[in-house]
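The structure appears below as structure tokens.
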Amino acid sequence: MKFVFATHNEGKFKEASFILSEYGIKIEQKPIKGTEIQAEDIIYVVKHAAKNIRPGKDVAVIVDDAGLYIDALNGFPGAFSSYVQKTIGNKGILKLMKNEKKRSAHFDAAVALRTYDKLWVFTGRVNGTITGQERGFLGFGYDPIFIPEGESRTFAQMKLEEKCKISHRALALGRLATMVRNIGLIRQTIY
Ligand code: ITT
């Protein structure tokens, strides 16, 4: 089975490659994602995108949609994280959070696996807090303003391997990979 990871986002692809390689799954990047609708629920978004992809019998396509949910902003930007990152960006978010004492937030990831005749969705969440200013240059997107629970560094101050031990994406893809192995979509060789 060939695994294709449908995204335009290079950072996401690098993380997914690392996470899934730990489970013996190799992926190829393709900038296809079906039609992406704007909806409040990332599970719905990912399901819709994956439904519109029709892979051949020997291909499985993975679609990933993620969002940052800030409690003091009632869950904003959430499912609209992509648009908000492109428009006001991290600086805009920090401005909205200026003087805000409540800094709690979480990242959610929803990943869909689409085969010729089936569709599965898995999710992952990481809780954390929003910083006062951007910190770090690694990662992508909102990483410089998010500190995961139990850490003092932002995701952008962590190496990819460190972020990928605890991230929303690692949890969701870990669940996907476990299912893939359980149903035998790939066969592991045990020496
Ligand atoms: P594709 O739709 O092509 O996969 P995208 O960047 O639009 O790429 P999403 O809609 O899933 O992906 O992401 C929403 C926004 O959240 C986007 O601006 C990302 O940069 C950001 N984002 C997603 N995962 C993230 C992560 O692990 N760390 C920081 N920011 C992230």
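For the single chain, residues carry numbers from 1 onward in sequence order. Worth saying up front: this structure is predicted, and the values here are computed from it rather than measured. All ligand and atom numbering here is 1-based and tracks the order in the structure.
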(request) Classify the contact between K86 and ligand 1 as side chain, backbone, both or neither, using a heavy-atom distance cut-off of under 4.0 Å. (result)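 For K86, there is no contact with ligand 1 at all, from either part.
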(request) Check each heavy atom of H8 against ligand 1 and say whether those closer than 4.0 Å belong to the side chain, the backbone, both or neither. (result)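 Both backbone and side chain.
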(message) If we only consider heavy atoms of F140, is any one of them less than 4.0 Å away from an atom in ligand 1?
(response) yes
(message) I'd like to know whether ligand 1 has F146 as a neighbour, heavy-atom separation below 4.0 Å.
(response)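 In this structure, F146 fails to qualify as a contact of ligand 1 - no heavy atom is under 4.0 Å.
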(request) Could you name the option among A66, P31, A16 that has the heavy atom nearest to atom 14 (C) of ligand 1? (result)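 Nearest heavy atom to atom 14 (C) of ligand 1 lies in A66.
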(message) Can you check which of T7, V45, D65, V126 brings a heavy atom nearest to atom 4 (O) of ligand 1?
(response)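 Considering heavy atoms of T7, V45, D65, V126, the nearest to atom 4 (O) of ligand 1 sits in T7.
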[X] to [Y] - nearest heavy-atom pair and separation:
X    : Y    : answer
A105 : L68  : CB-CD1, 4.3 Å
C164 : F18  : CB-CD2, 3.6 Å
G124 : L171 : CA-CB, 3.8 Å
P148 : M158 : CG-CE, 3.6 Å

(request) Indicate if Y23 and F5 have the same hydrophobic cluster label, given that clusters are the connected sets of ILVMFWY residues with side-chain heavy-atom separations under 4.5 angstrom. (result) yes
With atoms numbered from 1 as shown, which atoms in ligand 1 lie under 4.0 angstrom from a non-hydrogen atom of [X]?
X    : result
Q85  : 18 (O)
S82  : 7 (O), 10 (O), 14 (C), 15 (C), 17 (C), 18 (O)
K163 : 26 (C), 27 (O), 28 (N)
R169 : 23 (C), 24 (N), 25 (C), 26 (C), 27 (O)

(message) Any nitrogen or oxygen of N9 lying under 3.5 Å from a nitrogen or oxygen in ligand 1? Just yes or no.
(response) yes
(message) Just by distance, no angles: are the side chains of Q157 and D143 close enough, under 3.5 Å, to form a donor-acceptor pair?
(response)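 No, no side-chain donor-acceptor pair sits under 3.5 Å.
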(request) Check whether any side-chain heavy atom of I145 sits under 4.5 Å from a side-chain heavy atom of L94, and report yes or no. (result)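 Yes, their side chains come closer than 4.5 Å.
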(message) Between E15 and R169 (side chain of the first, backbone of the second, donor and acceptor by atom type, cut-off under 3.5 Å), is there such a pair?
(response) no
